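Everything numeric here is computed off the predicted structure, so don't read it as measured data. Counting convention: from 1, in listed order, for ligands and their atoms alike.
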Amino acid sequence: MTKDEVRRRLEFYQDLGIKTVYRHSVSVPPTTNNQQLTTVPMPAIPALEPEHDSLLKIIEDIGDCKRCRLHEARNKIVFGSGNEQAKLVFVGEGPGADEDQQGLPFVGRAGQLLTQMIEGTAAKEGIPIKRSDVYICNVVKCRPPENRTPQPDEMEICGQFLYRQLQAIRPKAICVLGGTAAKALLGKDGVTRLRGKWDQWRDIQVMVTYHPSYLLRPYNQNAKKEAWEDLKKVLHYVYD
Ligand code: SF4
C-alpha cells in the first residue's frame with residue numbers, strides 16, 4: 001500500500017470516529033542473534049470505502065437502513081438529489097417533515113429559500129447554473145423526531161454514507177449549511193466563527209454558512225446578507 005493510500009485510509013477511519021487502528025500483522029525483531037524476524041497477527045481493521053464507489057452503490061448499501069435509532073420514526077430515507085457530477089455540493093443537517101414525506105432534501109420552506117439563494121445569486125453574478133446543477137444532501141438521512149439535532153452517534157453512523165457520497169462525487173467545493181453539518185465534516189463548532197472562510201474536508205475546499213432555516217427567522221436579516229456573501233464566494237470559486 002502506498003503512503004498516500006495509507007493516509008487516505010486513516011483519514012477515512014478518523015472521519016468515522018475510529019481513533020485506534022491495528023495492522024493485520026506486525027514484525028517483531030529477534031531477541032537473540034540466532035532468532036528470525038517473526039510476524040505476529042493483529043486484529044483486522046474494516047475495509048475502506050469500496051473501490052469505484054458510486055451513488056447507486058451507496059443507495060444499495062443503505063437499503064432499508066436500521067443502523068441507528070432514527071429509522072424508527074422515518075417515512076422515507078432522504079439520500080440526496082441533484083447532479084451526480086456536480087462541482088458543488090451543499091450539505092445540511094437532516095431531513096425535516098416535508099423531506100421525510102417526499103424523500104427529497106430541502107423541499108420545505110428552507111429548501112425554497114436555498115433554491116432562491118442558489119439561483120438568485122447565480123443570476124445576479126452572471127453564473128449560468130440552476131439548483132439542478134448542484135448536489136444537495138444531509139449528514140443524517142432520516143428525520144430526527146421533532147426536528148431535534150442529530151446526536152453524535154447518529155451522525156457518526158450515518159456520516160459514513162455522507163463521506164462516501166462526497167468521495168463519489170468529488171466536487172470542487174462543499175458548502176456546509178449550519179453548525180451541525182460543520183461539526184460533522186470539520187469537527188469544529190460555531191457557524192459565526194467559521195463562516196465566510198475557506199476550510200478543507202480531505203482535499204476539497206469547504207465553505208461554512210448559515211442554514212436556510214435559521215435565515216427564515218425575521219430577526220436574522222444580517223445573517224441573510226452574510227449568507228449571500230458566502231454563497232457568492234463559493235459560486236465564483238467553483239464556476240469562474
Ligand atoms: S439516519 Fe442513516 S444510519 Fe440512521 S437509520 Fe437512517 S440511513 Fe441508517
Problem set entry | Counterpart residues, side-chain hydrogen bond (donor to acceptor under 3.5 Å, both in side chains), relative to Q205 (two or more places apart) | Q200
Exercise. When you look at CD of E146, are more than 12 heavy atoms from neighbouring residues, nucleotides or ligands closer to it than 6.0 Å?
Worked result: no
Seminar exercise, completed: Under 2.8 Å from atom 4 (Fe) of ligand 1, the protein N, O or S atoms found are C68 SG
Seminar exercise, completed: Heavy-atom closest pair (K141 atom, I62 atom, distance to 0.1 Å) is CG-CD1, 4.4 Å
Exercise. Are any non-hydrogen side-chain atoms of E93 and L177 less than 4.5 angstrom apart?
Worked result: no
Exercise. Which of the atoms of ligand 1 are close to R74, meaning less than 4.0 Å from one of its heavy atoms?
Worked result: 5 (S), 6 (Fe)
For this session: Could you tell me if the ring centre of F90 sits under 6.0 Å from that of H211?
Result: no
Problem set entry | Cation over ring face, K87 and Y239, 6.0 Å, 45° | no
